[in-house]
2 protein chains.
Amino acid sequence: MKKTLKARIIETALVLFEKNGYHGVTVDQIVLESGTSKGGFYHNFKSKDELLYHIHDVFISYVLEKAREAYDDFETPVTRLCAIIQSFTKVFDLYKPHITVFYQESMYLTGEFNQRINEKRDDYRKLLTQVIREGQAQGEFRAEVPAEISTMAIIGMVNWTYKWFNKDGPLTIESIARIFNDLLLHSLLTEQAMSQKDVQLFLIKGQPIEK
Amino acid sequence: MKKTLKARIIETALVLFEKNGYHGVTVDQIVLESGTSKGGFYHNFKSKDELLYHIHDVFISYVLEKAREAYDDFETPVTRLCAIIQSFTKVFDLYKPHITVFYQESMYLTGEFNQRINEKRDDYRKLLTQVIREGQAQGEFRAEVPAEISTMAIIGMVNWTYKWFNKDGPLTIESIARIFNDLLLHSLLTEQAMSQKDVQLFLIKGQPIEK
DNA sequence: CTTTTCAAACGGACTAGTCGGTCTGTTTTA
DNA sequence: TAAAACAGACCGACTAGTCCGTTTGAAAAG
């Protein structure tokens, strides 16, 4: 199937937005670089805003779905957490420009668009908090740390990756995901949970990071 | 001493930028809300860019200085790390609008301005990496975790606070700083270092978070 | 102490350029 | 052959920055 103009516009806009920011890119630039015209653009999007919304939605819908899958595919809090972190981190290979736009430009989403994105963002956060709460209730996660703060600490650590991750850098995204899991398990788990066998699989010790 | 117009402009701009983004605020708005005029504005700043630079510089210079003080005031990697985290986190009470602008709008800094800010940002990152490296060399920090990734994980976790911290929320910034330190020490330290007495002071266990 | 002076600080109308969006005409496709 | 897809000239609104006039305040002169 041939690549549609709409897809081409989104791709071009993504690269430009990532580099120059939403307000640093004009519709004329997008039109020029994707080899179309104002007519072509406004036939596919009713405004520049809608294009921004579309980019947001593709990304947040994808990661939210992946997180729910991870939750459903596993049964213990530890494995669920690790699966969610892994699925999220891996998205950087695929959607880094989306993510950059998502965290840099979301404030410029207006009205309806803004609302819809915020709902999904909240759903994601709540799911993560739930996993941590369940882990605390079962005694796997340390109870002295507030679940909401842990949640935001995790989200912060992982999300920040968009500021520095480089595909051609020394580490693959899979290695980074493993390191994140290792750090998180050490910080969140109780001592007895740390010594369990199925947890060991997620730690670095003994299986050093190669690339 | 009476508050200068320049200070009033910066204060007003900060609040507006935080809420609406750099491009969501016009010079006319800033001028109106700070009770001055175009003449007054352009007498104090040679461009809107320079105002943005100024906001960036005030913040990054302050935290960089605080981090260096923290490094000099302490002697072991653990205490240095905790002091740096604490000093940074506490800045949110004072400079939250600056920080928001710093991480949302830095891409719109141009040329010379951009370069000067980036240098200080790098200095900060390097200082943190150095502390971790020294900790690893002395056996306090786990060596199997790459120091650069730990650095970015810490920066991410702490910086992300600007997205969710609320002065009127359930936790003070000091409590959040303590939680961050607890999480980080658990994730970075070796088992034997964790059991040392001076480390215990930074942990939550036994001294529950109150507010 | 009063007056003069002059530069810095500030007010505000105006402008030149930019950019999102429209409109009409043409081509492609089913 | 009609409707969908696209081209591109055009427009109106908006905004960073300018320009010139006015005020202020402090130092110098009388």
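To find a chain, count down the sequence lines: A is the first, B the second, and so on, and within it residues start at 1. Everything quoted here is computed from the prediction, not taken from an experiment.
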Output the rounded distance in Å from CZ (Phe45(A)) to P (dT22(C)).
15 Å
Across the strands shown, which category fits Val25(A) at heavy-atom distances under 4.0 angstrom: base, sugar-phosphate, nothing?
sugar-phosphate
With DNA chain C as reference, determine whether Thr26(A) or Gly39(A) sits nearer its 5' end, using the nearest nucleotide of each.
Thr26(A)
Donor-acceptor pair, distance only, cut-off 3.5 Å: does the side chain of Arg142(A) make one with the backbone of Ser187(A)?
yes
Round to a whole Å and report the spacing from CG of Asp28(B) to P of dA13(D).
17 Å
Do Phe165(B) and Trp160(B) make the cut of ring centroids closer than 6.0 angstrom?
no
Just the rounded figure in Å: distance from P of dT22(C) to NE2 of His43(A).
15 Å
Nearest whole Å is fine: how far is dG21(C) C1' from Glu50(A) CD?
14 Å
Does dA7(D) have OP1 or OP2 under 4.0 Å away from a side-chain N or O of Ser37(A)?
yes
Where the side chain of Thr79(A) meets the backbone of Thr76(A), is there a donor-acceptor pair that is under 3.5 Å apart?
yes
Nearest-angstrom distance from the residue atom OH of Tyr22(B) to C1' of dT15(D)
12 Å
Would you mind reading off the distance between Asn44(B) atom CG and dA8(C) atom P, rounded to a whole angstrom?
14 Å
What is the distance, to the nearest angstrom, from the CZ atom on Phe41(A) to the P atom on dT22(C)?
11 Å
Which of the following nucleotides, dC10(C), dA16(D), dA9(D), is nearest to the side chain of Lys38(B)?
dA16(D)
For Ile9(B) and Gly40(B), which heavy atoms make the closest approach, and how far apart are they?
CD1-O, 4.3 Å
Thr36(B) has its side chain closest, among dA16(D), dG20(C), dG11(C), to dG11(C)
Side-chain donor/acceptor contact of Lys48(A) with base of dG21(C) under 3.5 Å
no
Rounded to the nearest Å, what distance is computed from the NZ atom of residue Lys46(B) to the P atom of nucleotide dT18(D)?
11 Å
Would a 4.5 Å heavy-atom cut-off, applied to side chains only, mark Leu81(B) and Phe141(B) as touching?
yes
